[in-house]
Amino acid sequence: MNRGRVGIDLVPYGRVRSLLTAEGRPVLSRMLSGAELALSRTDTGPDVPGIAGRLAAKEAVFKLFRAAGQTLPWQDIEILKEDGGWPVVRLGGRAARLARAALVEYVDVSISHDDPCAIAIAYSGPAPESPLRWPATPDDAPETVRTPVDPAADRTTEEWKWLRQESKTSVPGS
């Protein structure tokens, strides 16, 4: 059973700006497909945050494959948009073969942009149509759905409430 994998990557906007120079453009066109390049243009010019997000998402997706010694197949991992603007992953060629070899049957991504960088997280797990999804109601749940943990490391509900409160008060702006 595929228990799921997570990949994450961060791309600074400065890296994208350097790829948008005359010297960098040939490299960028090898990293983004024609469809991705079209999605990365605005009325005022290149969408630097959007490009950074796509590059981060491609790297995050590639990490799901755990393909040691392999180069990232930039053109074979496309980060496009669904209706509503949500990112969607399309795999082809070598990326699709790496995914099959890694037993990756479903990939989802989330991208966030905040100057000076974009971050993306990719998740792979059972396909949404798979019977391995969580039960619809608690009554349908098996008796044990928790991952076994060290009882000494487990925390009570009161401890978690306290930790959440502490993190809210100790992080500026939260």
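For Ala122, the side chain to side chain contact (heavy atoms under 4.5 Å, CB included) partners are Ala60, Val61, Leu64, Val109, not counting sequence neighbours. The side chain to side chain contact (heavy atoms under 4.5 Å, CB included) test applied to Ala101 returns no partner, not counting sequence neighbours. Looking at residues two or more places apart in sequence or on another chain, you find a side chain to side chain contact (heavy atoms under 4.5 Å, CB included) between Pro49 and Tyr13, Asp47, His113. Partners of Arg90 according to the salt bridge (Lys or Arg N to Asp or Glu O under 4.0 Å) rule, which considers only residues two or more places apart in sequence or in another chain, are Glu78. Not counting sequence neighbours, the partners of Asp9 by the salt bridge (Lys or Arg N to Asp or Glu O under 4.0 Å) test are Lys63. Residues passing the side-chain hydrogen bond (donor to acceptor under 3.5 Å, both in side chains) test with Glu23, sequence neighbours excluded: Thr21. Looking at residues two or more places apart in sequence or on another chain, you find no side chain to side chain contact (heavy atoms under 4.5 Å, CB included) involving Arg25. Every residue two or more places apart in sequence or in another chain that forms a side-chain hydrogen bond (donor to acceptor under 3.5 Å, both in side chains) with Arg94 is listed here: Gln70, Thr71.
A 4.5 Å side-chain heavy-atom check between Val104 and Leu91 finds every atom pair outside the cut-off. Side-chain atoms of Ser110 and Tyr123, non-hydrogen and from C-beta on, never get closer than 4.5 Å to each other. For the pair Asp108 and Tyr106, the minimum side-chain heavy-atom distance is below 4.5 Å.
Identified under the salt bridge (Lys or Arg N to Asp or Glu O under 4.0 Å) test for residues 48-58, with sequence neighbours left out: Glu36-Lys58.
The heavy-atom pair separating Ala99 from Phe65 by the smallest distance is CB-CE2, 3.6 Å. Here the closest non-hydrogen pair linking Ala118 and Ala56 is O-CB, 4.1 Å. The two atoms that bring Ile77 and Ala95 nearest to each other are CG1-CB, 3.6 Å, heavy atoms only. The nearest pair of heavy atoms linking Pro12 to Cys117 is CA-CB, 3.8 Å. Pairing each heavy atom of Glu105 with each of Gly125, the nearest pair is CG-O, 3.4 Å. Heavy atoms only, all atoms of each residue included: Ala38 and Arg41 are closest at CA-NH1, 3.3 Å.
The CG atom of Asp114 sits 10.5 Å away from atom CD1 of Ile119, with the distance rounded to the nearest 0.5 Å. Put simply, CG on Leu72 and CD on Glu59 are 5.0 Å apart, with the number rounded to the nearest 0.5 Å. Interatomic distance, CD1 of Ile51 versus CG of Leu20, reported as 5.0 Å (0.5 Å rounding).
Both Val16 and Leu37 are part of a single hydrophobic cluster, where members link through side-chain heavy atoms under 4.5 Å apart. By the rule that hydrophobic residues join a cluster once side-chain heavy atoms approach within less than 4.5 Å of another member, Leu10 and Leu55 end up as members of separate clusters.
Gln75 places a side-chain N or O within 3.5 Å of a backbone atom of Arg30 that can act as its donor or acceptor partner.
Annotation for Val88: hydrophobic cluster partners, listed by chain and number, are Leu39, Leu80 (ILVMFWY side-chain heavy atoms under 4.5 Å, direct or chained).
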**Report entry** Steps toward side chain to side chain contact (heavy atoms under 4.5 Å, CB included) verdict (Ile111, Ile79)
**Finding:** CA-CA 10 Å; Ile111 303 170; Ile79 309 300; 4.0 Å; yes
